[in-house]
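Working notes, beginning with the structure itself.
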Amino acid sequence: MHNDLLPLTIPDSEPELYQRAIALAGYTMKELASLAGMPIPEDLKRDKGWVGMLLERYLGASAGSKPEQDFPHLGVELKTIPVNSKGNPLETTFVCVAPLTGNNGITWESSHLRKKLCRVLWVPVEGERSIPLAERRIGTALLWSPNEQEERQLRHDWEELMDLIVLGKVESITARHGEVLQIRPKAANSRVLTEAIGEQGQPIMTLPRGFYLKKEFTRALLARYFDL
DNA sequence: GGGTGATCATCG
DNA sequence: CGATGATCACCC
């Protein structure tokens, strides 16, 4: 362990960010939390974002709640991804909130989702519940941008899902829509409501939704780099 | 309420 | 037993 692992500055270039991420590979949550002076919860039941926050700290991401990328000056988004012993994702990946109103004139090119996914620093983390949180290890990070096929898939699903939203069919959307991208609830609980477009074009109140990447999509992109 | 970080837990 | 729908904590 070395204190160089915990910089107090934000990275000023993409290579620097990448080097910081790579340097974390192999360390356990216990080691990193200890050096950062962060208490470790027993599990993630009530601290679901804990690993993400820990990594933000080590990589110099501007913490907090911004609809922007984690590294706006670099145009890079940070995502931690829980994986099993084979390196396959254990969970889908939240990308951003699905906009349910104000979508006139919004295109794939101008979409929030495309911006978030144009450059992502993926940090795999052991996520199996059989491993105590403190003993889980960081994997080897990778910098990714969608290739032609991935962008095509994302765009296709995004356009299909956004069409349903704009046409007032948001409440008929299930997680089964979309090949690589899905829309699921994203809220504190099922009583939370937000405005959307109803079937007759009228305003309705509905559960807030988010865009999530399906596991097969992230599995494939991780493998694409692993096999290099 | 609407964002950030995500995983939980029930059900088919 | 994996995926869908639900939920947890914190910020402003």
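In what follows, chains carry the letters A, B, and so on, assigned in the order in which the sequence lines appear, proteins first and then strands, with residues in each chain numbered from 1.
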Has A/K215 got a side-chain N or O lying under 4.0 Å from the OP1 or OP2 atom of C/dA3?
yes
Side-chain N or O of A/T80 closer than 4.0 Å to phosphate OP1/OP2 of B/dA6:
yes
B/dG3 OP1/OP2 closer than 4.0 Å to side-chain N/O of A/K116:
no
To the side chain of A/K48, which of C/dA3, B/dG5, C/dT4 is closest?
B/dG5
Name the nucleic acid region contacted by A/G49, choosing base, sugar-phosphate or nothing; use a 4.0 angstrom heavy-atom cut-off, strictly under.
base
Could you pick out which residue, A/G52 or A/K45, lies toward the 5' side of DNA chain B when each is mapped onto its nearest nucleotide?
A/G52
I need the CG-C1' distance between A/L213 and B/dA6, as an integer number of Å.
13 Å
CG of A/N88 versus C1' of C/dG2: gap in Å, rounded?
13 Å
Going by modelled atom types, is there a donor-acceptor pair between the base of B/dG2 and the side chain of A/K186 at under 3.5 Å?
no
Which part of the nucleic acid, if any, lies within contact of A/L193, taking any heavy atom under 4.0 Å across all strands shown: a base, the sugar-phosphate backbone alone, or nothing?
sugar-phosphate
Just checking A/D70: base, sugar-phosphate only, or nothing, at a heavy-atom cut-off of under 4.0 Å?
sugar-phosphate
Counting only distance, no hydrogens or angles, is the base of C/dA3 paired donor-acceptor with the side chain of A/Y212 under 3.5 Å?
no
Report yes if at least one side-chain N or O of A/R129 is closer than 4.0 Å to OP1 or OP2 of B/dC8; otherwise report no.
yes
Classify A/A188 by what it touches in the nucleic acid, base, sugar-phosphate, or nothing, heavy-atom distance under 4.0 Å.
base
Give one of base, sugar-phosphate or nothing for A/T93, where a contact means two heavy atoms less than 4.0 Å apart.
nothing
Looking at every strand, decide which applies to A/P82 at a 4.0 Å heavy-atom threshold: base, sugar-phosphate, or nothing.
sugar-phosphate
Going through the checks in order, is the side chain to side chain donor-acceptor pair (under 3.5 Å) test met by A/R155 and A/Q153?
CA-CA 5 Å; A/R155 175 178 186 150; A/Q153 293 175 314; over 6 Å; no
Check whether any side-chain N or O of A/R46 sits under 4.0 Å from OP1 or OP2 of B/dC8, and answer yes or no.
no
For C/dT4, does OP1 or OP2 lie under 4.0 Å from any side-chain N or O of A/T174?
no
Assess, by modelled atom type and distance only, whether the side chains of A/T101 and A/E195 contain a donor and an acceptor separated by less than 3.5 Å.
no
Rounded interatomic separation in angstrom, taking CD from A/E91 and C1' from B/dG5:
14 Å
Indicate whether OP1 or OP2 belonging to C/dG5 is found under 4.0 Å from a side-chain N or O atom of A/R184.
no
A/K115 vs A/E68, salt bridge (Lys or Arg N to Asp or Glu O under 4.0 Å): CA-CA, chis, key distance, verdict:
CA-CA 9 Å; A/K115 181 69 177 173; A/E68 298 304 311; over 6 Å; no
Would you say A/T174 and A/R184 are linked by a side-chain donor-acceptor pair, where the criterion is simply a distance under 3.5 Å?
no
Which part of the nucleic acid, if any, lies within contact of A/Q69, taking any heavy atom under 4.0 Å across all strands shown: a base, the sugar-phosphate backbone alone, or nothing?
nothing
